[in-house]
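First the structure, in the form of structure tokens, and then the observations on it.
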Amino acid sequence: MGSELKGITENYRERIQRLSLFDPLFRLENKREKDNNNEPIDYFGYGLLSLLFFFENMLMRNHKTSVQDLARYLYELNQEKTSLSLEGFEKVARTIVETFRPPSGKRNEKAFYNWETREYEKVHYSLLKADRADVKTNTQYYKLDEQGLELVFATKEYFTEFQLSINQLVLRKQLEKGEFVGALRQIDEMHIDVESLRKRMSVVKHEIQRNIISDETYTRYKQMVEDINSRLTRENEEFSELQTFVKETKNRLAYDMNSEKDRKAYELILQIDRELGEVHHDHTMLLKESIDLKTTALHAAQESLYYVGIDSFNFKQEITTALVSKPLPLEASKRLVEPFLSIEQCETWSPLTIFQEQRIETREGIERTTAFDDLSEDELQQIENDKVRQIFGDLMRLILKIMGDKEEITLKEVVHALIDDEKEWLDRRIFYQFWYVMHQRSPIMYEKTEDSNESLFEKVLELISDRYNRMEVKEIQEIIQVTKRYSIQNMRLRLIGGDEDGL
């Protein structure tokens with residue numbers, strides 16, 4: 001008998017720890033405080049409501065929930081059930097928070113005899129924990145701890161649409177504790193949640209198309225779609241935070257693989273990163289579908305509702321019969337018919353039109369004007385190229401003047417020569433563009449063809465065509481600081497005739 005019932009005491013400590021989560025609620029129930037009407041305060045109920053209040057704020061991604069916020073919620077929810085002022089509810093809220101999280105900062109504990117280990121032990125738990133604080137207003141914010149979430153899950157059955165948000169919260173806790181195997185299982189459940197949400201949205205879409213027959217149903221479905229879109233938006237933000245946390249964990253583990261355990265943990269976090277990305281992608285597509293549902297489907301339903309109203313409107317019964325069957329005052333008859341009359345139109349001529357611009361046309365209908373014709377893009381580009389050719393030609397004349405009888409020269413020598421005579425060239429950007437373009441297109445050949453005038457270096461090559469038919473520009477490993485604004489790599493320009501090798 002003993003060996004057959006051995007499993008009864010297994011995991012006894014974990015069961016006691018789960019049961020101990022209810023102790024703060026029972027401690028609140030034992031309080032004997034009364035309200036202004038000498039009626040007992042329902043501390044047990046307010047304690048449970050406080051848990052749900054903090055949980056809903058977690059779902060709404062509200063990270064600033066204080067004792068004062070809890071007191072205002074209980075005060076508004078109370079509606080004179082308990083005779084207490086806002087200050088009285090603030091005292092109640094502070095008592096509840098201190099019961100869930102002792103002011104000393106230590107976690108609650110429960111002593112018990114462990115029938116599995118045959119020893120006296122203690123379990124610790126914490127329903128609330130401090131989140132952040134506002135130093136300026138001296139306000140402390142709180143949020144549910146891990147055991148607080150467990151207690152909430154044990155006291156309420158949530159709808160399917162909230163399951164994904166709950167799984168996100170649980171996944172975050174598992175990642176923080178390094179439970180990567182459980183996190184993968186949690187992600188698998190999130191895949192199922194996303195798919196069930198997609199099916200639900202498909203059902204809602206068909207219901208909108210079939211069932212909207214009045215303004216009341218339209219308003220109800222509109223609110224439903226807005227709730228879905230709002231919840232998906234919050235879940236999408238949480239997915240982004242989860243992916244950021246996973247990437248940070250992955251980067252940390254990548255530099256700390258000293259054992260087989262660390263290597264397996266890194267492989268698991270890689271798998272988590274990949275599968276979480278897939279769930280996030282599916283959920284993002286779901287969010288886009290909800291936006292389409294919010295805009296397209298509802299708009300189509302609204303138009304359908306409008307045309308249904310028009311089709312069902314009987315003009316003879318609603319207007320003609322009402323107007324003819326019983327005498328109505330003239331003003332009432334006018335008001336009855338007025339919505340169905342066309343808007344009054346009146347064509348007038350203003351004397352101010354003589355001051356407007358006049359159109360002068362020939363007999364053929366062509367407008368005459370004294371303005372210049374607009375140039376096309378190709379014509380503007382051609383004008384620009386002509387200017388560049390001319391400037392490049394002027395620069396080459398200066399360089400040939402500096403070179404004299406030499407057949408090669410460096411850019412540094414040209415710069416030193418221009419400092420003395422033509423210093424303004426060194427402050428113009430096109431001087432440096434000239435050298436860069438020559439280096440880019442080197443070697444530059446001179447060929448006398450019908451299309452030669454299309455080259456930017458036509459003017460340049462015409463200047464050297466008597467003795468040379470090619471230019472080469474090669475870079476030199478030296479940077480020249482010409483001015484405070486411009487610096488350029490040194491280059492060597494060489495003129496080559498037709499009799500030299502390499503042609």
Mind running side-chain contact (heavy atoms from CB on, under 4.5 Å) on Y46 and L28 for me, showing each step along the way? CA-CA 9 Å; Y46 286 137; L28 289 171; over 6 Å; no
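- Atom CG in L411 sits 4.0 Å away from atom CD1 in I480 (nearest 0.5 Å).
- Closest approach of T99 to P24, counting heavy atoms only: CG2-O, 3.7 Å.
- Between atom CG of residue D42 and atom NZ of residue K81 there is a gap of 6.5 Å, rounded to the nearest 0.5 Å.
- With rounding to the nearest 0.5 Å, the separation of CG in L171 from CE in M190 is 5.5 Å.
- For the residue pair Y43 / E33, a side-chain donor-acceptor distance below 3.5 Å is found, with atom types taken as modelled.
- Here the side chains of L242 and E238 are in contact, with some heavy-atom distance below 4.5 Å.
- Contact between S126 and L128 at its shortest, heavy atoms only, is OG-O, 2.8 Å.
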Passes side-chain contact (heavy atoms from CB on, under 4.5 Å), K143 versus N57? Steps please. CA-CA 8 Å; K143 67 177 181 180; N57 276 277; over 6 Å; no
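- The residues D69 and R72 are annotated as salt-bridged, a charged nitrogen and a carboxylate oxygen being separated by less than 4.0 angstrom.
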Check the pair R94, E90 against salt bridge (charged side-chain N to carboxylate O under 4.0 Å, His left out), reporting the backbone distance first and the verdict last. CA-CA 6 Å; R94 196 169 299 281; E90 186 170 339; 3.7 Å; yes
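- Using a 4.5 Å cut-off on side-chain heavy atoms (C-beta onward), L426 and Y486 make no contact.
- Enclosure of atom CG in N37 by more than 12 non-hydrogen atoms of other residues, nucleotides or ligands within 6.0 angstrom is indicated.
- Side-chain contact check for L175 versus T249: every heavy-atom pair is 4.5 Å or farther apart.
- For CZ of R18, the number of neighbouring non-hydrogen atoms (other residues, nucleotides, ligands) closer than 6.0 Å is 12 at most.
- When all heavy atoms of N114 and E116 are compared, the pair lying nearest together is OD1-N, 2.8 Å.
- A distance-only check finds no donor-acceptor pair linking the side chain of N490 to the backbone of I476 [under 3.5 Å].
- Counting heavy atoms from C-beta outward, H281 and F239 have side chains that stay 4.5 Å or more apart.
- By the 6.0 Å contact criterion, NE2 on H191 is enclosed, its count of non-hydrogen atoms from other residues, nucleotides or ligands being greater than 12.
- When side chains are defined from C-beta on, M438 counts as touching W435, because their heavy atoms get closer than 4.5 Å.
- Summarising the local packing, OH of Y75 is surrounded by 12 or fewer heavy atoms from other residues, nucleotides or ligands at distances under 6.0 Å.
- Looking only at side-chain heavy atoms (C-beta outward), R118 and Y113 come within less than 4.5 Å of each other.
- The two residues H280 and S240 make their nearest non-hydrogen contact at CE1-OG, 3.7 Å.
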Using side-chain contact (heavy atoms from CB on, under 4.5 Å), reason through L151 and L51 one step at a time and then give a plain yes or no. CA-CA 8 Å; L151 180 56; L51 283 173; 3.3 Å; yes
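- Note on ring orientation: taking the six-membered ring where Trp is involved, the planes of F26 and F22 are tilted (angle from 30° to 60°).
- For the residue pair S230/R234, the side-chain donor-acceptor check at 3.5 Å is satisfied.
- Side-chain contact between V67 and L70: absent, with no pair of heavy atoms (C-beta onward) separated by less than 4.5 Å.
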Run the numbers on F100 and N108 for side-chain contact (heavy atoms from CB on, under 4.5 Å), then give the verdict. CA-CA 8 Å; F100 289 160; N108 290 297; 5.7 Å; no
Test R172 against E176 for salt bridge (charged side-chain N to carboxylate O under 4.0 Å, His left out), laying out the working first. CA-CA 6 Å; R172 183 61 179 261; E176 290 175 353; 3.4 Å; yes
How far apart are the C-alpha atoms of E267 and R263, what are their side-chain angles, what is the distance that settles it, and do they pass the salt bridge (charged side-chain N to carboxylate O under 4.0 Å, His left out) test? CA-CA 6 Å; E267 291 176 355; R263 188 183 63 79; 2.4 Å; yes
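- Proximity of a side-chain donor or acceptor of Q17 to a complementary backbone N or O of H124 within less than 3.5 Å is detected.
- For K412, the NZ atom is loosely surrounded, since the number of other residues' heavy atoms within 6.0 Å does not exceed 12.
- Under a 3.5 Å cut-off, the side chain of Q140 and the backbone N or O of R132 do form a donor-acceptor pair.
- For L74 against S50, the heavy-atom pair with the smallest separation is CD1-OG, 4.3 Å.
- In this structure, R13 contributes its side chain and K122 its backbone to a donor-acceptor pair below 3.5 Å.
- Shown here for S20 and K110, the closest heavy-atom pair between the two residues is CB-CD, 3.5 Å.
- If you take CD on E241 and CG on N236, they are separated by 10.5 Å, rounding to the nearest 0.5 Å.
- Atoms CZ and OG1, on R428 and T483 in that order, are 14.0 Å from each other to the nearest 0.5 Å.
- Separation of atoms CZ (R198) and NE2 (H283) is listed at 10.0 Å; rounding is to 0.5 Å.
- Looking only at side-chain heavy atoms (C-beta outward), K31 and I41 stay at 4.5 Å or farther from each other.
- Relative orientation of the F54 and Y142 rings is perpendicular, given thresholds of 30° and 60° on the angle between their planes.
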